[in-house]
Structure formats: C-alpha cells, structure tokens
Amino acid sequence: MKRRVLLLLTPMLLLLPELRVDPFRADLPCQWLHPLGTDALGRDGLLRLMHAASRSVGFASAVSLLALGGALPMALGEERFRGARSALRIVPPLLLLLSLAVALDGLGWMGLAFTLSALLALQAEPALRARLDPIRRAPVWSMARIQGAGMGHRLRVWAPWAYGEALPLLPSLWIAVLWDEGVLRLLGLGPPPTRDSLGLLLYEELPRLSTDGTMLGWASLVLVVALAAWSASKTSMEES
Amino acid sequence: MDPETLKPRSRGLWGHLLQGWVVWVLALGAAWTLPGRAILGREGRDVGVSALPLGLGIVAPSLVSMVALALVAPLLAWAMGSRLARHRGLALWEAPPGFFWAGLLLAIWPASAGPPGRLALVLVFLIAALPSELRWLCQAMPREEPFPAVWGRRAVRCCRSRTLRRLAPRWLAVRLPLWLTATVVLERILAVPALGSDWMARLAARDRIGLACWILALALLWTLMVRAEGLSSQEGP
C-alpha cells in the first residue's frame, strides 16, 4: 500500500498549483497565508517544499523501478564476468556519480536517472540473485522448458514470482536514489537548478540556517528526518 | 586441505582477478583520456608533474576519521555483540543520510565561531558512519544463543574477539570506498579540505597522474578484498 502511495506522489506534481514569482511578496515571514514564508522571488515556501518533495519522491520511485527492472534479467541470467562486476561494485554509486558529474560539468535529469539506475541495478543484483537462486537452481525451474512450453508461457508462469521476489528490495533502492539525488544537488553537481527538488532546497537553504535561516530550510531538514524514519521503520518491519 | 580441490578454485580466482583488472585498466584509460587540459600547479615543470600536492593537511583529517572509525566500530561491536544488529535504536540512528548530520551541524553552529573545522568533520563522520559499520559487523558475527552464551561471559568475549579478528581485514577492504564517499560529501558541505575532496579536485583539474594513482589504490584495495575472500572460501567454514 505504501509503495502505491509513493508512486501516486509523482502525478500529484501535476495537481499542485504552479509556483508564481511575485517580487512584491519576497522574503515574507511565516503567516497564515504562507506557513513557511516566501523566498527571495516571492514564491510560497510550503508550495516549493511540496513541489520539491513530490519531484524527488517521484524521481526516486521511477529510478528504483528502473534499477529493479535492470537487476532482474541480470539476476535471472548466468553469472558471467563476475570479476568485472565485482570490481565495478567496490566503487559506491555515489562516488561514481560525483566523479561523472565533475568530469562532465553536471548531469541532466535523464543522464542521472539512467546512470543511477544502471549503477544500482549492478549493486542490487547479488541480493536479488540470492533470493532467486534457490528456485532457479531447482528442477522445477526447467520443468516447463522440458515439457515444451514456449517463452510466452514461461514468462506468464515465472514473471509474477520474480516480481514478488524483487519487490522487497524496492524500499532500499528507493531510499538510495532519494539520498543520492539529494546529495548530488546539495553539492551543486546535479541537474541544472531550473526545477526544485529536496537536494536543491537544501543546497539553497543549508548555508543560511545558522545565520538567517528560514522556515523552509528547517522544514526541508525535518522532511529528510521524516523520510529517514519511514525508511528505518520499513527496514525494521522487513527484518521482523 | 586437499590440493586437488584447491586447483580449480585458484584458477577461478585468477580469472576473477584478471576480469577485474581489465575494468581497472579501462578506468585508467578513461582517466587518461578525460576531455580538457590539465591545470598544472607549477610553472616550468608542467609535464608529468601532479597538479595538486598531497600534503599532511589533506591526508590527516581523513586518516584520523577513518582510524577512529576503524577502532571505535569493532570495539563497540565487541562490547555489544550480534544482538545490536537487530536493535531498533541503531536502525533509527542509521536512517538519516550523512548530509543530514552535516546540515544539522551547520544549522546549530554559531556563526560567530567561524566555519566548522577538522574536528567537526571527524565528529560528523563518526556520527554518520558508525551505525552502518556497527550493523555490518554485528550482522556478520555469529549468533551467541545458546552457545557460547551458556558457557559464560569469558567464552562470549573470546568468541567475539576471534570473529572480529577474522572479519576486520575484509570489513576494511569492503567499507573503505564507502567511507571515502562519505568524506567527499561531508568535506564539501563543511568546506574542510581532506582526502575525498582531493579526488574531486584532481578530477576537476584533470590531474591525470593523480587520478591514475587513485584508481591504482582502489584496484589494489579490490585485489586485496578478492584475495581475502578467495582464501577464506578455500579455508572453508
């Protein structure tokens, strides 16, 4: 149910009212009309936070699904080039992403999505393989093929099972994408600052927090804590 | 150990190492052919000279952070045992990303005290990285109930010490790149020059020799990890 809610947050972006620039309402403090005040361009803080959160969450949902989709065929296939994969896996995805962003002077949304999903698919493959292997190595796996079933039939039989086995890995991939995107934009190395995301808000607000911190900066930090607590509760639920 | 059973495994190990080294050689090639001209630091000696010198001021904060973590995490894991891996408090501590702790420090840091220094970096790094390392170590430790728990505290401590001694080299090899990534993020947020920023600075400056050294260090780390894993799988349970 929670996963569906997360995926629904992306279309929510389309329902949110558009952010309007109003120079006459710039830097307003908290008030009833603007609970988180307004920024230097007169945009409502709460609306900015909602836009940023739904974009980050939507991006994380899309990329984690893409990563899981990439990891599944890898985990179902034969384990070729183990050494090469292991060498690639020792470098954390974030370090590779940061290096790519520095070498290419930033990464666009699409470039970030595909690179991150490929790197995370590589990282998720061993865990997924460990879940799939007990059945994949059992005689039942080859039974349909021996009985002459076609590719379509085998897909119909095994796809729901593979999907069910892969789904528990989704929350950890989701949170990894969320934080990686956040870090990249927080360090000013992510996609250009034309569209808000949680990382961009932190990039703008964090340096000001100790001097002239706005409610928007504190609310962004609180949102990070809330997302982290949700992920922790999800992890402990899975473990129990 | 039966030498006959060892042969195919060691052949597999060499194949594994060879494949990995192909990747590292490709990475070296990519670093060498990076677009853009190298920004060289010293006039007149610009060919073959590393652009950015690696001084003690850069190495020390990272080294202190990593040594502190490498000492504190096993010590705490030894004191708490494998039960700690299932502790809810640890999961909650582990959940926020590293940048949250750095952001929180920036938020509460008094502006009159100037920018946070190296000590703040070490502290934030420990707060951010310690829970994950504790979980890694505690999850890898064997269960203590019913044995050796029923044999008494001395037996439990002895068992933990032996396990941690065996785990430590592999733990260090696997987790060092992650620590490096964590320091990159924290150093940039807190504006403290250290080892992680050095990698990024060399990348931005197209310091090909420095990058090659970094890649070779990572390759060496990976080789040591594979060797340790290969040997432990040959030794058996």
Side-chain angles (χ1 to χ4, degrees), chain A residues 80-105 175-176 178-180 182-184 186-189 199 202-203 205-213 217-218 220-221 224-237 239-240, chain B residues 12-13 15-24 26-27 30-31 34-36 85-86 88 91-100 102-111 173-174 176-178 180-182 184-185 188-189 196 199-201 203-204 206 211 218-219 221-223 225-226 229:
Chain A
R80 291 199 185 95
F81 307 117
R82 269 184 66 194
R85 288 184 197 189
S86 145
L88 283 172
R89 250 180 238 127
I90 197 175
V91 185
L94 185 59
L95 190 61
L96 270 175
L97 268 183
L98 287 170
S99 311
L100 267 178
V102 169
L104 305 174
D105 294 327
I175 205 79
L178 193 70
W179 295 154
D180 285 359
V183 166
L184 212 62
L186 171 62
L187 300 184
L189 293 167
L202 291 169
Y203 173 69
E205 299 293 330
L206 265 190
R208 298 170 57 191
L209 274 183
S210 67
T211 50
D212 55 341
W218 285 107
S220 310
L221 269 186
V224 169
V225 174
L227 285 167
W230 178 81
S231 80
S233 68
K234 192 80 193 151
T235 313
S236 55
M237 262 168 59
E239 277 172 6
S240 65
Chain B
L13 185 69
H16 195 92
L17 281 173
L18 195 69
Q19 281 180 18
W21 270 93
V22 169
V23 172
W24 295 116
L26 286 175
L34 266 176
R86 296 184 295 279
R88 198 173 166 78
L92 281 173
W93 180 13
E94 190 186 4
F99 70 78
F100 167 77
L104 196 65
L105 181 88
L106 274 187
I108 58 173
W109 191 264
V174 171
L176 261 175
L178 279 173
L180 184 72
T181 315
V184 172
V185 176
R188 283 184 79 112
I189 295 175
W199 158 262
M200 303 291 275
L203 205 59
R206 306 292 191 256
L211 283 177
L218 278 172
L221 195 68
W222 174 79
T223 310
M225 189 191 80
V226 171
E229 275 183 349

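A, B, ... follow the sequence lines: proteins, then strands. Residue 1 opens every chain.
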Original post:
Who among B:Trp222, B:Phe99, B:Trp21 has the most heavy-atom pairs with chain A under 4.5 Å?
Top reply: B:Trp222

Original post:
How far apart are the closest heavy atoms of A:Ser99 and B:Trp199, and which atoms are they?
Top reply: OG-NE1, 3.0 Å

Original post:
Which atoms of B:Leu180 come close to chain A, meaning under 4.5 Å heavy atom to heavy atom: side chain ones, backbone ones, both, or neither?
Top reply: side chain

Original post:
So, for B:Pro97 and A:Val224, which heavy atoms are closest and what is the spacing to 0.1 Å?
Top reply: CD-CG1, 3.9 Å

**OP:** Specify which of A:Leu95, A:Leu88, A:Leu94 makes the most heavy-atom pairs with chain B at under 4.5 Å.
**Re:** A:Leu95

Original post:
With chain B, which of A:Leu221, A:Leu206, A:Val91, A:Leu98 has the greatest number of heavy-atom pairs at distances under 4.5 Å?
Top reply: A:Leu98

Original post:
Side chain, backbone, both or neither: which part of A:Leu202 has a non-hydrogen atom closer than 4.5 Å to chain B?
Top reply: side chain

**OP:** Examine whether an atom of B:Ala173 lies under 4.5 Å from a heavy atom of chain A, and if so say whether it belongs to the side chain, the backbone or both; otherwise answer neither.
**Re:** backbone

**OP:** Over all heavy atoms of both residues, which pair between A:Trp218 and B:Ala107 is shortest? Give the atoms and the distance, please.
**Re:** CH2-CB, 3.5 Å

Original post:
Which value, rounded to the nearest 0.5 Å, describes the distance between A:Leu186 atom CG and B:Arg188 atom CZ?
Top reply: 10.0 Å

**OP:** Select one option (side chain, backbone, both, neither) describing which atoms of B:Val22 are under 4.5 Å from chain A's heavy atoms.
**Re:** neither

Original post:
Going by heavy atoms in the side chains, are B:Val226 and A:Ser86 under 4.5 Å from each other?
Top reply: yes

Original post:
So what's closer than 4.5 Å to chain B heavy atoms on A:Leu189: side chain, backbone, both or neither?
Top reply: side chain

Subject >> Toward chain B, the part of A:Val183 with a non-hydrogen atom under 4.5 Å >> reply: both

**OP:** Please name the pair of heavy atoms, one in B:Leu34 and one in A:Ala103, separated by the smallest distance, quoted to 0.1 Å.
**Re:** CD2-CB, 3.8 Å

Original post:
Are any of the side-chain heavy atoms of A:Ile90 and B:Pro177 separated by less than 4.5 Å?
Top reply: yes

**OP:** Return yes if some donor-acceptor pair links the side-chain N/O of A:Arg82 with the main-chain N/O of B:Gln19 below 3.5 Å, else return no.
**Re:** no

**OP:** Supply the atom-to-atom distance B:Ile189 CD1 to A:Tyr203 OH, rounded to the nearest 0.5 angstrom.
**Re:** 12.0 Å

Original post:
What are the two closest non-hydrogen atoms of B:Arg206 and A:Val102, and how far apart are they?
Top reply: NH1-O, 4.2 Å

**OP:** Hey, could you give me the NE2/CZ distance between B:His16 and A:Arg85, rounded to the nearest 0.5 Å?
**Re:** 11.0 Å

**OP:** Select, from B:Thr181, B:Leu92, B:Leu17, B:Leu18, the one with the greatest count of heavy-atom pairs under 4.5 Å involving chain A.
**Re:** B:Thr181

**OP:** Sort B:Trp93 into side chain, backbone, both or neither according to what part of it lies under 4.5 angstrom from a heavy atom of chain A.
**Re:** neither

**OP:** Using a cut-off of under 4.5 Å on heavy-atom pairs, state which of A:Pro92, A:Ala228, A:Ala87 scores highest against chain B.
**Re:** A:Ala87

